Protein chains: 2
Amino acid sequence: MPDPLIHVAIVEDDPEIRQTLALIINGTPGFSCIFSYADCESAIADLPGHFTDVVLMDIELPGITGIEGVKRLRPQMPRADFIMLTIRHDDEAIFESLCAGATGYLVKDTPPAELLDAIREVRQGGAPMSAAIARKVIRSFRQTSPSPLSDRETEILRLLSDGQHYRSIAEQLFLSPHTVKTHIKNIYEKLQVHSRAEAVRKALGDKLI
Amino acid sequence: MPDPLIHVAIVEDDPEIRQTLALIINGTPGFSCIFSYADCESAIADLPGHFTDVVLMDIELPGITGIEGVKRLRPQMPRADFIMLTIRHDDEAIFESLCAGATGYLVKDTPPAELLDAIREVRQGGAPMSAAIARKVIRSFRQTSPSPLSDRETEILRLLSDGQHYRSIAEQLFLSPHTVKTHIKNIYEKLQVHSRAEAVRKALGDKLI
DNA sequence: CGGAGAATACCCCATACGGGCGATTTCGCC
DNA sequence: GGCGAAATCGCCCGTATGGGGTATTCTCCG
């Protein structure tokens, strides 16, 4: 039978917040917080040895940031989930945290009950996020601006990004290589780029393909 | 003072589910469902004229799919939020829906109380997702496999994807253009590609840069 | 000690690429 | 009816690119 207790660790530089979090967690049946740290350096040195289910990680920390902390701790703690805590809804920080391996993302004024819900949720295979954060994450999938390219151009850009040559693109679309070249020139002008590499980058970044 | 009532529309081909959903919504104070459709075709023809806050959209529909439906309805209903309903956790469908403009994504066995919560949440700027879905979305930000590239190679790949030439890369890194070329040859071999365009595509796709 | 991988540097060569410039047809829209 | 955008096809030219080699140095690891 599995350990019913969820073991939580905290990395948070503000002593008051750190203690409040620990009190909330230890004061709730089913939760336990034995380890807490004021900075990533000590967490990295001490935490990997101890059994931990969930790490609550502040982002704004002196020295190593919480994002970098997750990046370093994760490989050593494959079974743990990381939930970021932050005061700001900084877009960059959100996506960097997710890339680093965070599974949850909460603003610091999350009420205690919701924080505990989030910890439960992350253990049950979810990805708890504050509402505004979730919206930003979801938004990031959308095409930001309407494509300036025609259908034909988009089609050719797609083949271009497959690494295909003028010639093979021309053959696939039953066109003269000259025509393909003209299209690509027009694509370059519309996207304000000067090479295939730049075009592919821009196309993927702006979700044009 | 704003209308306190949340106006919900439903697009769902199964008559039983459609009616059940409508009953749940109309049976709850603060919610109203006047419009419901069995397919996207009729929704596209009728819905844009009516005031709607939230559209519950089934994905698996005969004819036009729910994903395509969102793509077409969204531009005409900029103030509405779309929540997808699905039976399967199909990865492709999730990301296509989000790209199409969906703001929420729920599995069909979501209990009524949670469904209503989700509708409230999406109206308050959130992005409600079933736990397993949220986890998949968050996972998509992570690097899937460890990079086969050395640090130097990654650095050069980054400059390459900016559209820079051998020469300017060499100058920036204080290297001979020959060296840059050798690195790029090695990058191509490791990534199994044969051109800058392909390399950039793979690099961005696999989150190597 | 030996081997592998990484980083550095160089050579040759065919060709794909990007820029510049012009042209026709079709289609929709004012 | 004319104008612009899109799609099609064409030529010239210089150079960047990619593939084929070879070589040295250094470090890390078994």
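Since we're looking at a predicted model, the values are computed, not measured.
- Contact check on A/Asp58 versus A/Lys108 returns a salt bridge, with a Lys/Arg side-chain nitrogen under 4.0 Å from an Asp/Glu carboxylate oxygen.
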Residues A/Ser161, A/Arg201; criterion side chain to side chain donor-acceptor pair (under 3.5 Å); working and verdict: CA-CA 9 Å; A/Ser161 76; A/Arg201 181 192 181 68; over 6 Å; no
Criterion side chain to side chain contact (heavy atoms under 4.5 Å, CB included) on A/Thr52 and A/Leu47, from CA distance to verdict: CA-CA 8 Å; A/Thr52 308; A/Leu47 193 52; 3.6 Å; yes
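- Nearest heavy atom pair, residue A/Ala197 against residue B/Leu160, reads CB-O, 3.8 Å.
- The outermost nucleotides of DNA chain D lying under 4.0 Å from heavy atoms of chain B, listed 5' to 3', are D/dA16 to D/dG21.
- Evaluation of the side chain to side chain donor-acceptor pair (under 3.5 Å) rule for B/Lys202 yields no partner, not counting sequence neighbours.
- The stretch residues 151-166 of chain A touches DNA chain C through A/His165, A/Tyr166, each having a heavy atom under 4.0 angstrom from the strand.
- When only modelled atom types and interatomic distance are considered, A/Glu198 and A/Gln192 share no side-chain donor-acceptor pair under 3.5 Å.
- Nearest heavy-atom pair across B/Arg142 and A/Gly101 is NH2-O, 3.2 Å.
- Annotation: salt bridge (Lys or Arg N to Asp or Glu O under 4.0 Å) contacts involving residues 148-160 of chain A, sequence neighbours excluded, comprise A/Arg152-A/Glu155, A/Glu153-A/Lys190.
- No side-chain donor-acceptor contact under 3.5 Å links A/Arg74 and A/Thr103.
- Remark: P of C/dG5 and CD of B/Glu189 are 11 Å apart, rounded to the nearest angstrom.
- For B/Ser150, taking side-chain heavy atoms from C-beta onward, the closest of the listed nucleotides C/dA16, C/dG18, C/dA6 is C/dA6.
- Nucleotides of DNA chain D nearest to A/Lys181 and B/Arg167 differ in position, and the one nearer the 5' end is that of A/Lys181.
- Note on A/Ile184: nothing from the nucleic acid sits closer than 4.0 angstrom, heavy atoms only.
- Residues that satisfy the side-chain contact (heavy atoms from CB on, under 4.5 Å) test with A/Glu68, not counting sequence neighbours, are A/Ile64, A/Thr65, A/Lys71, A/Arg72.
- Ring geometry, B/His7 versus B/Phe51: the interplanar angle exceeds 60°, so the pair is classed perpendicular (tilted spans 30 to 60°).
- Taking a 4.0 Å limit (strictly below) on heavy-atom distances, residues 195-203 of chain B reaches DNA chain D at B/Ser195, B/Arg196.
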Per-nucleotide protein contact string for nucleotides 22-30 of chain C, where B marks a base within reach and S marks sugar-phosphate only (heavy atoms under 4.0 Å, - for neither): ---------
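- A/Thr179 comes within 4.0 angstrom of a nucleotide base, judged by non-hydrogen atoms across all strands.
- Taking atom CG of B/Leu175 as the reference point, atom P of C/dA6 lies 16 Å away to the nearest angstrom.
- A/Ala93 pairs by the side-chain contact (heavy atoms from CB on, under 4.5 Å) definition with A/Ile59, A/Ile67, A/Asp90, A/Tyr105, not counting sequence neighbours.
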Donor-acceptor pairs are to be reported for all side-chain atoms of residues 118-135 of chain A against protein atoms at under 3.5 Å, with residues two or more places apart or in another chain.
from: A/Arg120; atom 1: NH1; to: A/Asp117; atom 2: OD1; distance (Å): 2.9
from: A/Arg123; atom 1: NH1; to: A/Asp53; atom 2: OD1; distance (Å): 3.2
from: A/Arg123; atom 1: NH2; to: A/Arg79; atom 2: O; distance (Å): 3.0
from: A/Arg123; atom 1: NH2; to: A/Asp81; atom 2: OD2; distance (Å): 2.9
from: A/Ser130; atom 1: OG; to: A/Val107; atom 2: N; distance (Å): 3.0
from: A/Arg135; atom 1: NE; to: B/Gly126; atom 2: O; distance (Å): 2.7
from: A/Arg135; atom 1: NH2; to: B/Val122; atom 2: O; distance (Å): 2.7
from: A/Arg135; atom 1: NH2; to: B/Gly126; atom 2: O; distance (Å): 3.1

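- Over its length, the helix from C/dC1-D/dG30 to C/dC30-D/dG1 turns its helix axis by 60°, as judged from the five terminal pairs at each end, rounded to 10°.
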Side-chain donor-acceptor distances from residues 175-189 of chain B under 3.5 Å, at least two apart:
from: B/Ser176; atom 1: OG; to: B/His178; atom 2: N; distance (Å): 3.0
from: B/Thr182; atom 1: OG1; to: B/His178; atom 2: O; distance (Å): 3.0
from: B/Asn186; atom 1: ND2; to: B/Thr182; atom 2: O; distance (Å): 3.4
from: B/Tyr188; atom 1: OH; to: B/Arg196; atom 2: N; distance (Å): 3.0

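- Under 3.5 Å, the side chains of B/Glu60 and B/Thr86 contain a donor-acceptor pair of N or O atoms.
- Pairs passing the salt bridge (Lys or Arg N to Asp or Glu O under 4.0 Å) check and including a residue from residues 31-49 of chain A, sequence neighbours excluded, do not occur.
- Among the nucleotides C/dT8, C/dA9, C/dG19, the one closest to the side chain of B/His183 is C/dT8.
- Here C/dG18 presents its C1' atom at 15 Å from NE2 of A/His178, a figure rounded to the nearest Å.
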